[in-house]
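In what follows, every chain begins at residue 1, and chains take the letters A, B, ... in the order their sequences are listed.
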2 protein chains.
Amino acid sequence: MNLKQLSLMLDLSQTTVSRALNGYPEVSEETRRRVADAAKRHGYRPNPSARRLATGKAGMIGYVMPTGASVDIDPHFVEFLSGLGDYARAHDLDLVLSPADARDEETTYRRIVANKQVDAVYVSAPCHGDKRVALIHQLGMPFIVHGRSEGLDFDYPYLDIDNEAAFHEATRLLVQLGHKRVALINGDDTQTFAIFRERGVRRALAASGIALPPVLLRSVAMTEENGYRAARSLLEQSEAPTGIVCSSLIMALGVVRAVRDLKLTIPGDLSLIAHDDVFPWLKPENFSVPLSTTRSSIRAAGQRIAERLAARISGLETGARGEIWPVDLVVRGSIAGAPV
Amino acid sequence: MNLKQLSLMLDLSQTTVSRALNGYPEVSEETRRRVADAAKRHGYRPNPSARRLATGKAGMIGYVMPTGASVDIDPHFVEFLSGLGDYARAHDLDLVLSPADARDEETTYRRIVANKQVDAVYVSAPCHGDKRVALIHQLGMPFIVHGRSEGLDFDYPYLDIDNEAAFHEATRLLVQLGHKRVALINGDDTQTFAIFRERGVRRALAASGIALPPVLLRSVAMTEENGYRAARSLLEQSEAPTGIVCSSLIMALGVVRAVRDLKLTIPGDLSLIAHDDVFPWLKPENFSVPLSTTRSSIRAAGQRIAERLAARISGLETGARGEIWPVDLVVRGSIAGAPV
DNA sequence: AAAAGCAGCCAAAGCGCTTTGGAAGACTTT
DNA sequence: AAAGTCTTCCAAAGCGCTTTGGCTGCTTTT
């Protein structure tokens, strides 16, 4: 069933039927109703390819997915997708993942813009002065950044959590508990979130005149193994930390294993706080010693980003609004006063 | 730059340019070269919307993504995506995720088929007599199932790993080590993979005249917490198992925690083997006691499925070929002879 | 030398929708 | 009663591509 058939059947022009269906004013209410009825009865659905060709609107939101043999997609991504999908479903938006060579995402961004394959894109895991953000801003396609990029000479819309405040709070709590040597096991420090987290830790320590020396800082890809290695090397040095703030639950698994291997205990010898993006399959309260966390649902972020992207597509949202979500600090058994 | 401009510039008709670019025979070699040169020089890329409208081919592969507040996307999905993306990138295929209400995926399947939004779809995590497989087969769109569905009255193309053989081997090894009470902590048993795994375990046990009583079988969503609960309840019963075969690494984390809570040891009191889909961020060799696994890269499966989907789209692959991959059994420290 | 075949090109007709630029009729205004 | 103003509809022109059905001029066959 296409427009032509439907209009023939109603004895109206395609113009009128199209307008009736798309809510244009120059159609009488009665006609509109007739058309709507017939469309529903016959299950008419406008062909998206045709509509896209005519309007340039795709009804899809895009994501350029870096790929490559040595590129690992962040496991958080699937939770984010769940949230995005939740919202997108309700608004008939599809999501198109355009795989790109991780070393050259620009070509792909240019392609999807030139081809108008999507109406908006979302950009994740930005780094300092992120090239992608600059590019897509310049190309003039609606977008939202999940996270933030610093060092760009323009404003842009984003959704981020308050990483700095979260890690500031976590660290401050450790300091208040008497910890003098607090280490940070961070994610890849080319990414902005890691920079903010480090900043939060430093600021909290500095407030009590404590420094964060390089020997107490690790910045690594967030795997269990790296968490283990980082913790082990931290704890084996002479001035071992008594508190660790850790950027992910998965790394925290490694930290716990290292602690156990070294015959230490949590929280007796080491207090541990990690950031939790809220996975359904790994929960901090279920760690052998329940893990204190800074918590923020990445799934909720996905929903919100979908919502804002939809708003930008329909012109309801414009400008460069940045949205920063507070992060919960959830205290559980993994922290205690510093050992004497 | 569109076809018209390009053809004007070359002083050729759109027909000829189009044909030259698409490798049709009725164009002289010289002309073809001229056209190809000009196209490359001016960075001409055919508009996909227009092409789609004209041909009905979308250049995309689809996935209907179940969503809903209580629906969790499998964390394996992102690894699978990595693999799919790897291949898709090299072949200019995009992937479109169509979010669907988990309780009504049919509508979405019908929509993407009716609209020709994608050239092929892939279906994951099939259950017995899977409705989606039946539907999409009937709708006549190319597809490949990742996994298998039993109880359908037609053949279809799929890629699966040999779950039954894998769990058969794992169990057989335990039996050979003298274990008489072997438990299975399985995934959701509405899914075919879980059925096959159970079958493998039963068959291996039966070969030595051992049964798998209901008290030694758990079938749960694959989270750390469920792994813990299952293991704990198994180990606390009077006739506790001395060996456990477990359907995922994440559940195995929970099993290990339960063992520790109960002051038992691996492999002294309990031998443990789990299935490993190969995550970059959690490796069985890094478990406190290195974990024996049945291993199969889900990422490789993603690549292969993309490859086969591409082949089906271009008509290179037809028919209902099922492909079953063998699974490696990797022995590490987590198994030993049964305690006496 | 006429007929046939072929290589190489083109004009034009779609694909199914949106949107522009009227036009007809009814209703007001002067 | 003539002129203007809405309201409601329509024909036709795109959007950028593919594909059908020729047409031309040249080579080969009979």
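Between the CG atom of L21(B) and the C1' atom of dT19(D) there is a distance of 15 Å, given to the nearest Å. The CD-P distance, from E26(B) to dT20(D), rounds to 10 Å in whole Å. Summarising the geometry, the separation between CZ on R52(B) and P on dC15(D) is reported as 19 Å, rounded to the nearest angstrom. Rounded to whole Å, the distance from CD on Q14(B) to P on dC10(C) is 11 Å. Taking atom CG on L53(B) and atom C1' on dT19(D), their separation rounds to 13 Å, with Å as the unit. Distance L6(A) CG to dC17(C) P: 9 Å, rounded to the nearest Å. Put simply, NZ on K57(B) is 16 Å from C1' on dT19(D), counting in whole angstrom units. Put simply, NZ on K4(B) is 7 Å from P on dC15(D), counting in whole angstrom units.
One finds a side-chain N or O of S18(B) lying less than 4.0 angstrom from the OP1 or OP2 phosphate oxygen of dT18(D). Neither OP1 nor OP2 of dT18(C) sits under 4.0 Å from any side-chain N or O of Y24(A). Between dC15(D) and S49(B), no contact under 4.0 Å exists linking OP1 or OP2 to a side-chain N or O. Taking side-chain N and O atoms only, T55(B) has no distance below 4.0 Å to OP1 or OP2 of dC15(C). Taking 4.0 angstrom as the limit, Y44(A) places none of its side-chain polar atoms (N or O) nearer than this to OP1 or OP2 of dG16(C). Between dC10(C) and T16(B), a contact under 4.0 Å exists linking OP1 or OP2 to a side-chain N or O. Between N22(B) and dT18(D) there is a side-chain N or O to OP1 or OP2 distance below 4.0 Å. Residue T31(B) has a polar side-chain atom (N or O) positioned under 4.0 Å from OP1 or OP2 of dC9(C).
In terms of modelled atom types and a separation under 3.5 Å, the side chain of N115(B) and the main chain of Q117(B) share no donor-acceptor contact.
For Y63(B) and F143(B), the ring centers sit 6.0 Å or farther from each other. Between H146(A) and F80(A), the distance separating the two ring centers is shorter than 6.0 angstrom.
Counting only heavy atoms from C-beta on, R51(B) has its side chain closest to dT18(D) among dG16(D), dC10(D), dT18(D). With dC9(D), dC17(D), dC17(C) as the choices, the nucleotide that has an atom nearest any side-chain atom of L12(A) turns out to be dC9(D). Residue R19(B) has its side chain nearest to dG21(D) when only dT19(C), dG16(C), dG21(D) are considered. When each of dG16(C), dC9(D), dC9(C) is scored by its nearest atom to the side-chain atoms of A54(A), the top-ranked nucleotide is dG16(C). Side-chain atoms of L3(A) lie closest to dT18(C) of the nucleotides dT18(C), dC17(D), dG16(D).
The two atoms that bring S149(A) and H128(A) nearest to each other are OG-C, 3.9 Å, heavy atoms only.
At a cut-off of 3.5 angstrom, counting only N and O atoms as typed in the model, there is a donor on one side and an acceptor on the other between the side-chain of T15(A) and the base of dT19(C).
Contacts of N115(B) with the nucleic acid, taken as non-hydrogen atoms under 4.0 Å apart, are absent.
Between H91(B) and Y87(B), the angle of the ring planes stays under 30°, which puts this pair in the parallel group of the 30/60° scheme.
A salt bridge is absent between D104(A) and R89(B); no separation between the charged side-chain nitrogens and carboxylate oxygens falls under 4.0 Å.
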